[in-house]
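Just the heavy atoms: all of them, side chains too, but no hydrogens, waters or symmetry mates, feed the values below. Keep in mind that what you see is a predicted model, and the values were worked out from it rather than measured.
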Amino acid sequence: MEPLTPAIGAQILDVDLGQLSPELVSDIRAALLRYKVIFFRNQNITSEQHIGFARSFGELEIHPATPKGQPNPEVLRIEHGPNSRGAENFWHSDVTWRMKPSLGSVLRAHEIPSVGGDTLFANMALAYNRLPEVTKEKIQDCVAVHDIARVFASRLNKKPEELHELYPPVEHPVVRTHPETKEPVVYVNGAFTSHIKGMETEESRRLLDTLYKSAWDPEVQCRFQWQADSIAFWDNRACQHFAVSDYFPAVRAMERVTIAGDKPYFDSR
């Protein structure tokens, strides 16, 4: 085990994710809870093995951006190149617009640029701990609204109301309690959070901006440099990530499998 920074992230060496055992799965889960995101190199596995690894940690979900009719609907391909500039370059946690957002994401690199295309991760439990006490008090009972249409209306070429028929905006606590570690975690993000419920628009905007910026501090982050067949497995309940889109017009092709989670809650005890 090689930690990337004191705050977040570790690389697990000499592991073949195509050959899983109950003991290995247990060790990886413990590492995920401790480090928030874990990394593997040289994982020349099939899509079925990718899916099987993710399924070892829970039920899988299918993203609405997955093309209809593909052989493995659990796999979301994220590819950019000369005709598509990367568009994931903002701090976020995956699918917080779901009533039960993701437990974690398993992302595998298939083709990477010769330079660039890194992903940054931020420990949002540490980000919470570093907030001023007055801010912690202000947000402990707040609820925020998360909306899929903020990102995917344009990407899927749909009107917001069309998306809302299947995925209506949902409410989650601004600070969630991690269901396994019991850590309090900042749980709003600039991608999917629209506003804080019951708060004046300008006050909501200012407070959310402050909370978004808690992920920007390098002292709560790590940065991962991809290689072909590298895998990152991150805990969406505990961290946010930022895919650096600095490689245009080079090609960056990734495949993601997402593990379903549970409904966020906050326990103030």
With hydrophobic residues grouped by side-chain heavy-atom distances under 4.5 Å, do L156 and L76 end up in a single group?
no

Residues pairing under side-chain hydrogen bond (donor to acceptor under 3.5 Å, both in side chains) where one sits in residues 159-170, two or more places apart or in two chains, turn out to be D147-H164

How would you list all residue pairs meeting side-chain hydrogen bond (donor to acceptor under 3.5 Å, both in side chains) that involve residues 116-125, not counting sequence neighbours?
D118-R223, T119-W226, T119-R252

How close do F152 and A65 get, counting heavy atoms only, and between which atoms?
CE2-CB, 4.2 Å

Hey, what's the ring geometry for H146 with Y187, parallel, tilted or perpendicular (30° and 60° as the breaks)?
tilted

Close side-chain approach of Q70 and R77, heavy atoms under 4.5 Å
no

H172 versus M99, closest heavy-atom pair with distance
CE1-O, 3.5 Å

Whichever hydrophobic residues join I62 through chains of side-chain contacts under 4.5 Å
none

Using 4.0 Å as the upper bound for N to carboxylate O, is an ion pair formed by K100 and E61?
no

Tell me the ring-ring contact (aromatic ring centres under 6.0 Å, His included) pairs involving residues 106-125, sequence neighbours left out?
F39-F121, F121-W234

Going by chain and number, the hydrophobic cluster around L103 (ILVMFWY, side chain to side chain under 4.5 Å) further includes M1, I12, V15, L17, L20, L24, V25, I28, L32, Y35, I38, F40, I45, I51, F53, F57, L60, V75, V106, I231, F233, V257, I259

Quick one: are R41 and Q11 in side-chain contact, heavy atoms under 4.5 Å?
yes

Other ILVMFWY residues reachable from V220 by side-chain steps of under 4.5 Å
L126

Determine whether V145 and V170 satisfy the following criterion, side-chain contact (heavy atoms from CB on, under 4.5 Å), listing intermediate values before the conclusion.
CA-CA 6 Å; V145 176; V170 298; over 6 Å; no

To the nearest 0.5 Å, what is the distance between CE (M254) and CD (E88)?
10.0 Å

Quick one, D235 with H178, criterion side-chain hydrogen bond (donor to acceptor under 3.5 Å, both in side chains). Give me CA distance, side-chain angles, the key distance, then yes/no.
CA-CA 10 Å; D235 187 338; H178 192 286; 2.8 Å; yes

Go through it in stages, so that I can follow the logic: the residues are S93 and F192, the test is side-chain contact (heavy atoms from CB on, under 4.5 Å), and I'd like the CA-CA distance, side-chain angles, deciding distance and then a yes or no.
CA-CA 9 Å; S93 176; F192 301 120; over 6 Å; no

Could I get the full list of side chain to side chain contact (heavy atoms under 4.5 Å, CB included) partners for T210, not counting sequence neighbours?
none

Closest non-hydrogen atoms of I148 and P64, given as atom of the first, atom of the second and distance, are CD1-CG, 4.1 Å

Set of residues satisfying salt bridge (charged side-chain N to carboxylate O under 4.0 Å, His left out) with respect to D229, sequence neighbours excluded
R108

State, with a plain yes or no, whether a side-chain heavy atom of E255 is found less than 4.5 Å away from one of S47.
yes

Pair K182 + D267, salt bridge at N-O below 4.0 Å:
no

Pair Q227, S230 - check side-chain contact (heavy atoms from CB on, under 4.5 Å), show working.
CA-CA 5 Å; Q227 300 169 358; S230 293; 3.6 Å; yes

Separation between CZ (R55) and CD (E48), nearest 0.5 Å, reads 10.5 Å

Between C222 and G9, which heavy-atom pair has the shortest distance, and what is it?
SG-CA, 4.2 Å

CG on D94 to CG on L107, rounded to 0.5 Å
9.0 Å

Selection residues 242-263 - residue pairs positive for ring-ring contact (aromatic ring centres under 6.0 Å, His included), sequence neighbours left out
W91-F242

Which other residues end up in the same hydrophobic cluster as V174, if Ile, Leu, Val, Met, Phe, Trp and Tyr are linked when side-chain heavy atoms come under 4.5 Å apart?
M124, Y128, L131, I139, V175, V185, V186, V188, I196, M199, L207, L208, L211, Y212, F266

Would you say that E183 contacts K36 through its side chain, given a criterion of any heavy-atom pair below 4.5 Å between the two side chains?
yes

OG on S56 to CZ on R29, rounded to 0.5 Å
10.5 Å

Quick check: closest heavy atoms across N236 and S105, and the distance to 0.1 Å?
ND2-OG, 2.9 Å

Charged N-O contact under 4.0 Å between E203 and R206
no

Minimum heavy-atom separation for V251 and P82, please, with both atom names.
CG2-CD, 4.1 Å

Quick one: are S194 and P169 in side-chain contact, heavy atoms under 4.5 Å?
no

By side chain to side chain donor-acceptor pair (under 3.5 Å) - contacts of E202 (at least two apart):
R205

Heavy-atom distance under 4.5 Å between the side chains of E79 and S84, does that happen here?
no

Does T258 reach the side chain of R256, with side-chain heavy atoms less than 4.5 Å apart?
yes

Which residues share a side chain to side chain contact (heavy atoms under 4.5 Å, CB included) with A87, sequence neighbours left out
R155

